[in-house]
Structure formats: structure tokens, C-alpha cells
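All chains are named by letter (A, B, ...) in the order of the sequence lines, taking the proteins before the strands, and each is independently numbered beginning at 1.
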There are 2 protein chains.
Amino acid sequence: MKYKKSAGQNAKERILDVSEKLFAEGSFASVSVRTVTSAANVNLSAVNYYFGSKKGLFQAVYVRRATLMNHERLGLLQEAVGKARQEGRAVSVRELVNAMLTPPIFWLYEKEKGLSGYIRFLARAYLEAASDMENVLSQEVDVFDKFVPYFQEVNPSLTVEDIYWRIHFIMGVMHHTINHLDRIGLLSHTACSVETREQTRDRMVAFCCEGF
Amino acid sequence: MKYKKSAGQNAKERILDVSEKLFAEGSFASVSVRTVTSAANVNLSAVNYYFGSKKGLFQAVYVRRATLMNHERLGLLQEAVGKARQEGRAVSVRELVNAMLTPPIFWLYEKEKGLSGYIRFLARAYLEAASDMENVLSQEVDVFDKFVPYFQEVNPSLTVEDIYWRIHFIMGVMHHTINHLDRIGLLSHTACSVETREQTRDRMVAFCCEGF
DNA sequence: TATCGTTTAAAACATACGTTTAGAAAGCAG
DNA sequence: CTGCTTTCTAAACGTATGTTTTAAACGATA
């Protein structure tokens, strides 16, 4: 029951790949359907054929890797929890923050696959959400809820309010690094050079952990 | 030599006020000239008459309050420096971070004047800059350079690279709070309620200081 | 009042936009 | 092959975009 053509169902994926990258670099309104389709070497009407509308394409770009992203984060969380339980101790703040930040930052440095584009797309989608697609970030936010009990366990003096504020700040550090990593050299007058993904991650984790 | 009309030179200011607010809520491309002019109750061609182009308007919105913003930050810095010198001590990290964060956060909470809109406009302009207006954020960045020596003084073990990375993270905390302050309640499932500007500022300063 | 520079107004410009349509081309089943 | 569904193409639709043009209205000066 599968119908293929020369370029076949690659076309749909190709549109997703291209628009993921374009939406990562510009706003929703600034990226036209024509730019997408010509960059993907498909017909203009392909976007409406496969995704119904431009907005449908945007949401499809989000959905494609959303579960994978969250799965990775929760995987690291469970890994840290398991290791801690095995050693008869509570999960450390560093492990928690590490589980939150490692997937997006490692994705950001991944150049060959589209993961880098996706993570930058996500950071932008957060601002786009204000106008239209509120539900886009709901899935993203749900993941962080899972971390709250562990933060409470390791530091019972913190209220839920305190924890959410810190999670909010961590997201700020994360999003800003995603959006402006390539401009850190310009900010610092070339004092800061490009680092490995581990170095960047460790800097962020260190900064955010101290905030707890 | 002044030529006024009924609405007179208010028109220009009115356009700036309105587009400051609109650009704060949507991207550059998503806000049309017609939306601006009709919201400002001026003729469509007024934007091109006063500012040459849509992009000229955008830059004019930025320029209008840029110096005031930076002046306030540097004022707080000098104030802290003077107080520290008088007491024969080095400026504390808390004072430095406070000088960086207080103006934008206090502006954010200022509702009557357009300062709240401007600060949200600024946070958005940072992302818009990627495509076109690189020079927009140059002035913003220069201010932070002034803080670097004081950070070095209070903690000589830090390299310039370390300091700029921390400034980068502070900017992340700041921008994210500016962009998503109204959604902190949604993130936390109403665990976090709206606070005073001082409470929010203190939370941010505390989080960022620990990172040093 | 007449004049000049400034500001507003209405209309049109050319282009770009997202979307729709109708039909051709292609793949699979019988 | 013949039917049938899926995929792709080209063209057009209607509307929205930023900008320009032309002229009218206005305020101050002389």
C-alpha cells in the first residue's frame, strides 16, 4: 500500500529539513513558503499538500523531533536517579541540571544531522508562541515538571515556587546560549573562542548549579 | 521656525510609541506598516515620510531610548563604585549584577510609560539582529564591557573568558525573564504568582551572583 | 493676504504572500 | 493493459505587503 515516486516521500522530509533550518534563522513571518519550497526543490503547493498550511508545516517541524528530545532528557534523568538509588543517595543538583542541559547543547553542536537546526528552531518557537501556538511549548514544559520532586528532595528548604523560578532561569541560560552561541566571540571581542560541546555544557551547568 | 499641526509632531512620537509596543509583541516581519499606522491613527505614508522605511522605523524605535537605558545602567555602576571606594573596599559581585539587571527589570514593570514596551522590544531585537541589523546590539554590548574590570577586581582568579561567559549567561536570564515573565505562572502551574519588580530583580540577582 | 516649508491625505504602484485549482505524471493492484 | 490512488506540476486567485506619487491642508512668516 505504499506509493512512491522518484523523489518520493523524501519530498516531505526534505521540506521539513529545509524549513527547520530556515525557521531556526528567521521568524515565522519572515520565512515564506516560496523560500522553503525552492530551497527544498519541490513545487510551491507541496507545503499545502503535505501540511495543509504554513502553520501546519511549522507545527510539523516541531512535532517531528519533540518526543525524541524529551525522551533523551528523561533518559538522562532516570539514569541519574538509578545511579543515585544504587549508591543510596539523593540525586545531586548537578546531575539534574546536567540532564536538563546536555541534550539540547549536544544537539546544538551536532552539525551533520538536523538536530542543531531543530534546537535553534525550538528556541525561536518559544517567542513565536506568544502570538499563536501556545500548545507548542506545553510538551516542552511538561518535562521540567518531572524534575521538580528531585530538586525538592535534594534541597527540602526550597519551595515549589523557588524551584520553578530557578528552572525558568536555567531555561534562560539555555535559550540564550542556543540563540547566540555564534556571537559569543563578538560579545567578548574574541576573548571567548569556540569550545567543545562538553566545555560549553559544563560552563552552563556550573553557572546554573551555583544558583541553587 | 517650528511648524505644527493639530496632531503635529505628536504623530512621529505616536508612531514610535505604537510600533515599540507592536514590535515587542511580534517579529519585525509580522508587524505590517499598515498595522502600525492605523494603530497610531496616522496616514499610511507617514512611516516612510518620517523614517524613510520600515527598517528605519525599527532602528528609530531602538535609538530613541538606547542611550537612556545604558545611562541608567552605567549610573548604577558608578554609584556602586563610588560607594565602595568611599568605604575602602572593592565593588561586590552583587552590586555589579544589580547594576546590570535593575534598569531593565524595573523598566519591564513600568506600565504607564512605554519603558516596558521598549525593554521587550530590545529583547526581541536581539533575535531579529541575526538577519539584518547587527549594529543594533553593538551599543548594548559596549556597556557590559565596562563591567569586566570590576568583575576581575573582585575575583582575580577569573579569566576574561570566564567573565564574558558569565555575562552571557546573565543576559540569558535577563532576556528570558523579559520575554516570558507573563508566562511564569503557566510554567509553574500557578505556583509562581506575579511579584513586585524588586522581588523579581532579587531572584535574578541571587541566581546570577551564585554563578560567580 | 500671499508665500514658503512642512505635514497630512488618498490613491496607485509593483511585488510578494499563502492558498487553491485543475490536470498531468507516476506507482500499485487487479 | 485497465482502474485507482497518490504525488507532482503549472497556473491562477485574491489579498497583503512596503513604497512612491500627487496634491491638498496647514502654520508661520513677511
Novice: For A:I15 and D:dT9, give me the distance from atom CD1 to atom C1', rounded to whole Å.
Specialist: 13 Å
Novice: Measure the distance from CG on A:N41 to P on D:dA10 and round it to the nearest whole Å.
Specialist: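 One finds 12 Å between P of D:dA10 and CG of A:N41, rounded.
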Novice: Could you tell me which residues satisfy ring-ring contact (aromatic ring centres under 6.0 Å, His included) with B:W165, sequence neighbours excluded, listed by chain and number?
Specialist: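 Checked B:W165 against ring-ring contact (aromatic ring centres under 6.0 Å, His included); matches are B:H168, B:F169.
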Novice: Using atom CZ of B:F51 as one end and atom P of C:dT7 as the other, report the distance to the nearest whole Å.
Specialist: 12 Å
Novice: Ion pair present between A:E195 and A:R201, side-chain N to carboxylate O less than 4.0 angstrom?
Specialist: no
Novice: Can you identify which nucleotide, out of C:dT8, C:dG18, D:dT19, has its nearest atom closest to the A:S32 side chain?
Specialist: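 Nucleotide nearest to A:S32's side chain: C:dG18.
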Novice: Can you list the residues that meet the side chain to side chain contact (heavy atoms under 4.5 Å, CB included) rule with B:S116, with sequence neighbours excluded?
Specialist: B:L108, B:K111, B:R120
Novice: Grab the N/O contacts between the protein and nucleotides 11-13 of chain D below 3.5 Å, and write none if there aren't any.
Specialist:
none

Novice: Determine the contact category for B:V31: base if any of its heavy atoms lies under 4.0 Å from a base atom, sugar-phosphate if only primed atoms, P, OP1 or OP2 are that close, otherwise nothing.
Specialist: sugar-phosphate
Novice: Rounded to whole Å, how long is the line connecting atom CG of B:N10 with atom C1' of C:dT8?
Specialist: 14 Å
Novice: Less than 3.5 Å apart, which donor and acceptor atoms pair up between the side chains of residues 76-83 of chain A and the rest of the protein, not counting sequence neighbours?
Specialist:
none

Novice: Within this structure, what is the CG-to-C1' distance between A:N48 and C:dC17, rounded to whole angstrom?
Specialist: 12 Å
Novice: Could you say whether A:G52 or A:T35 is positioned toward the 5' end of DNA chain C, judged by the nucleotide with the nearest heavy atom to each?
Specialist: A:T35
Novice: Rounded to whole angstroms, how far apart are CG on B:L57 and C1' on D:dT17?
Specialist: 15 Å
Novice: Indicate whether any N or O donor in one side chain lies under 3.5 Å from an N or O acceptor in the other, for A:T200 and A:Y109.
Specialist: yes
Novice: Can you list everything that forms a side chain to side chain contact (heavy atoms under 4.5 Å, CB included) with B:S188? Sequence neighbours excluded, please.
Specialist: A:Y164, B:A191, B:C192
Novice: For the side chain of A:Y49, starting at C-beta, report the closest nucleotide among D:dT19, D:dT7, C:dT7.
Specialist: D:dT7
Novice: What bend angle does the helix from C:dT1-D:dA30 to C:dC28-D:dG3 show across its length, from five-pair end axes and to the nearest 10 degrees?
Specialist: 10°
Novice: Here's one to test your reading of the geometry: is the NZ or CZ of A:K54 within 45 degrees of the ring axis of A:F28 and under 6.0 Å from its centre?
Specialist: yes
Novice: Using the six-membered ring wherever Trp is involved, compare the ring planes of A:F23 and A:F121 and label them parallel, tilted or perpendicular (cut-offs 30° and 60°).
Specialist: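 Plane angle between 30° and 60°, so tilted.
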Novice: Could you state the CZ-C1' distance from B:F58 to D:dT17, rounded to the nearest angstrom?
Specialist: 18 Å
Novice: Going by an N to O cut-off under 4.0 Å, is there a salt bridge joining A:E13 and A:R64?
Specialist: yes
